[in-house]
2 protein chains.
Amino acid sequence: MKPETRKDEIIITAARLFKEKGYSAVTMRDIAKAMGIKAASLYNHINSKQEILSNIIITLAEEFTKGMKIIMNSNNNSIDDLKNIVDLHVKITTNNAFGMASLNNDWMHLEDKLEYYLELRKNYENNFRQIIELGIKNNELVSADTNLILFSVLSTLRSLYIWIPNKEDLQNTNLASNLSKVLLNGIIK
Amino acid sequence: MKPETRKDEIIITAARLFKEKGYSAVTMRDIAKAMGIKAASLYNHINSKQEILSNIIITLAEEFTKGMKIIMNSNNNSIDDLKNIVDLHVKITTNNAFGMASLNNDWMHLEDKLEYYLELRKNYENNFRQIIELGIKNNELVSADTNLILFSVLSTLRSLYIWIPNKEDLQNTNLASNLSKVLLNGIIK
DNA sequence: AAACATAACTAACAAACGTTAGTTTAAATA
DNA sequence: TATTTAAACTAACGTTTGTTAGTTATGTTT
């Protein structure tokens, strides 16, 4: 996530501040100050505070959608699908941990894009659930409650943004495979 | 979490709204409206908005501290300790899922009580880590990275507040034991 | 009946909010 | 050199924010 345009710089700066205090607690003056300019100057590059938020969230949500589509279209078994989902979360979160905080905590402040976001999320979860159900059906996974497995795995993956920036000792090359072991060993048959 | 005093009613109402939109996005007028009164009337019962937040969060944080102390003082093996921690989270979250949202997402808006909260949280995580380390040392748990196990389990437990209110199909009597299986089977030797 | 307590109210405050309008500066292009 | 463009600026706007002060209504206790 390197800034290419001035608009990108604003979005990246905002995402960093949104992670620390949440969307509602960050003012346009906060964002401007972090960039060394005045709040009004931001409006040469963006149309509204809301636009910053939806840019952060929708970009990420679409990355997940795209990644999931590739996984669903592959002909792997369920366990490899799950490992690829872990990889997907680790990769996206490593590239943009700040943005992931907004995705997790500030999606309800989306206005125009709220409905679209909720649809993307619903579809993502449904695909995830489908992979788990198929794994149970094919006897690759233990037959625990599907929603409980989904909840457990997804909760951990969604919390990655909190831990990844703080832990260089968990080097990211191995993080995904180590995480897969801890997360999936309990449900693999 | 039944309201006993008018102050309790305010805190419970506020917690519900805080869960939906976050502390910063909820106004005193929002809270008042939800109770059918005017914002100024709230100040007959509480001293500030901040007081509402710290009441919600510190009460819960101290419940966790108390529960952890009991677990640490028992002479159980590590696996039973972990199961008891799962129970503790399920119990507290079931009783006050709204408040748990504030604990997870709005702790950074604590002012006077921030330092105290961070200390409670640090101690809790250290105790949790200690239990895992002892389990590995005693050959009860697989020797994966301690912090990775801690992160994985704690992420799921901290996200319970999102799922518990929506899922009556996961009946709470069995939730804790089912969750223990999914969460812990992967790390138990 | 008088005094008190509880819990609401109206009205207003200063500060902070997102945003707009119009202007200036400096660098790139013609 | 003249023109254009990018990106900053100052000043202000109407609104919303948390909060305070003083008042009123309704029961409860003396």
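Hydrogens, waters and symmetry mates are skipped; everything else that's a heavy atom, side chains included, is used. Lettering of chains follows the sequences in order, A, B, ..., and the numbering in each one begins at 1.
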What is the distance from CD1 of A:I37 to P of C:dT19, rounded to the nearest Å? 15 Å

Between A:N44 and B:H45, just flag the one whose closest nucleotide in DNA chain C comes earlier from the 5' side. B:H45

Give the C-alpha distance, both sets of side-chain angles, the deciding distance and a yes or no for salt bridge (Lys or Arg N to Asp or Glu O under 4.0 Å) between B:K122 and B:E119. CA-CA 5 Å; B:K122 191 187 69 189; B:E119 190 191 313; over 6 Å; no

Pairing residues for A:N139 by the side chain to side chain donor-acceptor pair (under 3.5 Å) criterion, not counting sequence neighbours: A:K189

Rounded to the nearest 0.5 Å, how far does CD1 of B:I52 lie from CG of B:N47? 10.0 Å

Please write out each protein N/O paired with an N/O of nucleotides 11-18 of chain C under 3.5 Å, distance rounded to 0.1 Å.
unit_1 : atom_1 : unit_2 : atom_2 : d
C:dG18 : OP1    : A:K49  : NZ     : 3.1
C:dG18 : OP2    : A:M28  : N      : 3.0
C:dG18 : N7     : A:R29  : NH1    : 3.0
C:dG18 : O6     : A:R29  : NH2    : 3.2

Quick one: sort the B:Y124 and B:F64 rings into parallel, tilted or perpendicular, breaks at 30° and 60°. perpendicular

Can you see which heavy atom on B:L157 is nearest to which on B:H89, and at what distance? CB-ND1, 3.5 Å

Separation of atom NZ in A:K38 from atom P in C:dT25, rounded to whole Å: 16 Å

Could you tell me which residues satisfy side chain to side chain donor-acceptor pair (under 3.5 Å) with B:S78, sequence neighbours excluded, listed by chain and number? B:E140

Calculate the interatomic distance between A:L42 atom CG and C:dT20 atom P; express it in whole Å. 13 Å

Does A:K69 have any salt bridge (charged side-chain N to carboxylate O under 4.0 Å, His left out) partners at least two apart in sequence or in another chain, and if so, which? none

Please identify the 5'-most and 3'-most nucleotides of DNA chain D with any atom under 4.0 angstrom from a heavy atom of chain A. D:dA7 to D:dA12

Tell me the side-chain hydrogen bond (donor to acceptor under 3.5 Å, both in side chains) pairs involving residues 30-42 of chain B, sequence neighbours left out? B:T27-B:D30

